[in-house]
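Each remark here refers to the structure printed beneath this line.
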Amino acid sequence: MTMAACFKVSSLQLPCNHLQPPGPPPNPMVRVRCALSKQAHRFLTSLSNNAAADDTSVSNRLIRKFVQSSSKSISLNALSHLLSPQTSHPHLSSLAFPLYLKISEATWFDWNPKLVADLIALLDKRGQMDQAQILMSDAVSKLQLQERALALFYCNLIDSHSKHRSKPGLFDSYTRLKLLMSSSSSVYVKRRAFEAMMSGLCAMDLPFEAENLMEEMRELALKPSVFEFRSVIYTYGRLGLLNDMKRCLTLMESEGFGLDTVCSNMILTSFGAHGELSEMVLWLQRIRNSGVGLSIRTYNSALKSCPTITELLQDLKGVPTTIQELMDNLRGDEGLLVQELIGSSVLEDAMEWNLLEGKLDLHGMHLGSAYLIMLQWREELRSRFKDGNCIVPAEITVVCGMGKHSAVRGESPMKRLVKQMMIWMKCPMRIDRNNVGCFVAKGRVLKDWLDKFPVGEQSKEANSPNDLIAISALAYISIRSSLFDVNHSTVLQSS
């Protein structure tokens, strides 16, 4: 008997949109993204149009036709989208199971434990316990003779339940995994089990229980890794338990794990999320003294916690155009915070400088970070051009992106900010015709511009209509020695 034969698909009813209960707020530690293909989007749109009629037979026919006419990747793409806690079609979640059954009949189908774990978690969340239990029994039957594979399946279950914020499901999987681990002699199984259990507890905002689990690791002669410590530290910080965060940090260092950029950013983010600017300043000073490098994420975490900078960027008309002007607007801890950032090497890491091109890449930066980096970049250019031995690149480029990954429609906020800053500073850089996500200018032209405006001079007072038109137009065409391809990857470590 096939899996599909175990269930009466036709009896599954489509919920009406207005009857669907609102789900819990998304877990801040979960960043699930499932890009939906065009064919899958059309399929889900058809299902949505049918949902109001609540006609199960039509839904089953649409599912059958979609799977028969779609490739493996497109079919699984649609299913993964429905299984995601962040799906844009939550009212169709009841159709994930019949879609899976139809997919399982395809000739190309390969049983996937991660996919099954995601489906079980969704069914559990929806209260469809019978279907979830049959899938669970089937999975255990397939994997019972493969200890590692079964352990990883339970790890996947814990992860899936935690993403759906389901404590009953998580603790059921937790108990199953712990029982398997206790009877195993494999160090690999034990480590993976502890890692998954701690991740699940931290995702469910249970850092004390997660920390107790580290004690159990020690009793089994397993030393907690930096991963376990980071998970607990960040959970304490995210929940505002800052004293416990510091205590766990001290414990981590006593175990021989030194500070690194990732852990430092987690702690900085935690202080910032709870308005502890003075603690952020002290922490940045400690990072600097310990020799740990800062990163773009450090800028992002620190500057989004500065209310003055956030307020300034709400209205781009009055933003200071030099570092000195900005510092004059900042008071107390905000000024000290910015001063600590300016003294780091983040700008240097974001720049390339050679005979052909000088490039500043703003990818991965929040608005506040891009704003401060642009101010620093202007001063850095002036310093380099004044150095008689410094080369002047044939072309200088500022890469701000085209807004493909922006959460808002239209022109990206980053590009709008950079364009406005070019206008205020009367900078001769223009939008590149070959790549509208870049601003370009000849190196010599920029050098002459910087020589013309002394340090600290106000440059916003004479913004005539002609200035605005000239700056924002796509009239400047640069002969580039090599084309720059704006392929990039968004860096997202934990934290």
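The model shown is predicted, which means the values in this text are computed figures rather than measured ones. Side-chain atoms are counted along with the backbone in the values below, which use heavy atoms only and exclude waters and symmetry mates. Throughout, numbering of the chain's residues begins at 1 and tracks the sequence.
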(message) Set out, in order, the CA-CA distance, both residues' side-chain angles and the distance that settles side chain to side chain contact (heavy atoms under 4.5 Å, CB included) for Ile431 and Lys415, then state yes or no.
(response) CA-CA 10 Å; Ile431 297 174; Lys415 184 177 178 181; 4.0 Å; yes
(message) Would you call the rings of Tyr174 and Phe171 parallel, tilted or perpendicular, taking 30° and 60° as the class edges?
(response)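 If you compare the ring of Tyr174 with that of Phe171, the planes turn out perpendicular.
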(request) Classify the angle between the aromatic ring planes of Tyr236 and Phe208 as parallel (below 30°), tilted (30 to 60°) or perpendicular (above 60°). (result)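 The arrangement is perpendicular - the two ring planes meet at more than 60°.
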Salt bridge or not between [X] and [Y]? Use side-chain N to carboxylate O under 4.0 Å.
X: Lys223; Y: Glu228; value: no
X: Glu255; Y: Arg218; value: yes
X: Arg165; Y: Asp205; value: yes
X: Asp172; Y: Lys167; value: no

With heavy-atom distances below 4.5 Å as the criterion, would you say the side chains of [X] and [Y] are in contact?
X: Val187; Y: Lys190; answer: no
X: Tyr100; Y: Leu115; answer: yes
X: Gln420; Y: Leu417; answer: no
X: Thr298; Y: Val346; answer: no
X: Cys263; Y: Ile267; answer: yes
X: His89; Y: Leu36; answer: yes
X: Pro207; Y: Leu201; answer: no
X: Leu95; Y: Leu44; answer: no

Is [X] reaching over with its side chain to a backbone N or O of [Y], donor-acceptor style, under 3.5 angstrom?
X: Ser80; Y: Asn77; value: no
X: Ser290; Y: Ile287; value: yes
X: Thr87; Y: Leu83; value: no
X: Ser183; Y: Leu180; value: yes
X: Ser344; Y: Leu294; value: no
X: Ser182; Y: Leu179; value: yes
X: Ser166; Y: Ser162; value: no
X: Trp377; Y: Leu347; value: no
X: Asn289; Y: Gln285; value: yes
X: Asn300; Y: His366; value: yes

When rounded to the nearest 0.5 angstrom, what is the spacing between [atom1] in [X] and [atom2] in [Y]?
X: Arg416; Y: Leu367; atom1: CZ; atom2: CG; result: 8.0 Å
X: His363; Y: Met414; atom1: NE2; atom2: CE; result: 8.0 Å
X: Glu209; Y: Leu213; atom1: CD; atom2: CG; result: 10.0 Å
X: Leu99; Y: His81; atom1: CG; atom2: NE2; result: 12.0 Å
X: Ile373; Y: Asp361; atom1: CD1; atom2: CG; result: 11.0 Å
X: Arg61; Y: Ser46; atom1: CZ; atom2: OG; result: 11.0 Å

(message) Looking at Tyr371, I'd like to know if the NZ or CZ of Lys304 sits under 6.0 Å from its six-membered ring centre while staying within 45 degrees of the ring's axis.
(response)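 Judged by the rule (NZ or CZ under 6.0 Å from the ring centre, within 45° of its axis), Lys304 is not positioned above Tyr371.
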(message) Given the ring of Trp111, does Lys142 sit roughly above its face, with NZ or CZ under 6.0 Å from the centre of the six-membered ring and within 45° of the axis?
(response)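 Relative to the ring axis of Trp111, which defines the angle, Lys142 lies inside both limits.
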(request) Check whether the side chains of Tyr234 and Arg230 place a donor and an acceptor atom closer than 3.5 Å, and report yes or no. (result)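 No, no side-chain donor-acceptor pair sits under 3.5 Å.
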Residue pair [X] / [Y]: nearest heavy atoms and the distance that separates them:
X: Ile74; Y: Ser37; value: CG2-OG, 3.9 Å
X: Ser173; Y: His161; value: OG-CD2, 3.3 Å
X: Gly358; Y: Trp353; value: CA-CE3, 4.2 Å
X: Gln39; Y: Phe66; value: O-CE1, 4.1 Å
X: Cys248; Y: Met214; value: SG-CE, 4.4 Å
X: Cys306; Y: Leu337; value: SG-CD2, 3.3 Å

(message) Applying side chain to side chain donor-acceptor pair (under 3.5 Å) to Ser270 and Arg238, what does each step give before you reach the verdict?
(response) CA-CA 5 Å; Ser270 300; Arg238 180 164 49 82; over 6 Å; no
(request) Determine, stepwise, if the pair Glu276 / Lys246 fulfils salt bridge (Lys or Arg N to Asp or Glu O under 4.0 Å). (result) CA-CA 14 Å; Glu276 297 288 344; Lys246 295 176 184 178; over 6 Å; no
(request) Evaluate salt bridge (Lys or Arg N to Asp or Glu O under 4.0 Å) for Lys178 paired with Glu216, printing each intermediate quantity in order. (result) CA-CA 11 Å; Lys178 202 167 188 180; Glu216 293 186 31; 3.0 Å; yes
Anything under 3.5 Å between a donor and an acceptor, one on a side chain of residues 144-155, the other on a protein residue two or more places apart or in another chain? List them.
from: Glu147; atom 1: OE1; to: Ser184; atom 2: OG; distance (Å): 3.1
from: Glu147; atom 1: OE2; to: Ser184; atom 2: OG; distance (Å): 3.1

(request) Using the test salt bridge (Lys or Arg N to Asp or Glu O under 4.0 Å), find all partners of Asp118 that sit at least two apart in sequence or belong to another chain. (result)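 Salt bridge (Lys or Arg N to Asp or Glu O under 4.0 Å) check on Asp118 returns Lys114.
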(request) Output all residues satisfying salt bridge (Lys or Arg N to Asp or Glu O under 4.0 Å) with Arg247, sequence neighbours left out; order by chain, then residue number. (result)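 For Arg247 the salt bridge (Lys or Arg N to Asp or Glu O under 4.0 Å) partners, ignoring immediate neighbours, are Glu211, Asp244.
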(request) Kindly determine whether Met204 and Leu170 satisfy side chain to side chain contact (heavy atoms under 4.5 Å, CB included), including the steps that lead there. (result) CA-CA 9 Å; Met204 297 300 292; Leu170 181 138; 3.6 Å; yes
(message) Against Ser71, only a single residue in Ser75, Ser69, Ser73 fulfils side-chain hydrogen bond (donor to acceptor under 3.5 Å, both in side chains); can you say which?
(response)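 Only match with Ser71 under side-chain hydrogen bond (donor to acceptor under 3.5 Å, both in side chains): Ser73.
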(request) Test Val232 against Met198 for side chain to side chain contact (heavy atoms under 4.5 Å, CB included), laying out the working first. (result) CA-CA 8 Å; Val232 175; Met198 292 197 65; 3.5 Å; yes
(message) Would you say that more than 12 heavy atoms from the other residues, nucleotides or ligands in this model lie under 6.0 Å from the NE2 of His274, or not?
(response)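 Enclosed.
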(request) I would like to know whether Gln133 and Ile120 meet side chain to side chain contact (heavy atoms under 4.5 Å, CB included); could you show each step before the answer? (result) CA-CA 8 Å; Gln133 187 56 48; Ile120 290 174; over 6 Å; no
(request) Go through the steps for Asn265 and Ser295 under the test side chain to side chain donor-acceptor pair (under 3.5 Å), then give the verdict. (result) CA-CA 8 Å; Asn265 288 342; Ser295 66; 3.0 Å; yes
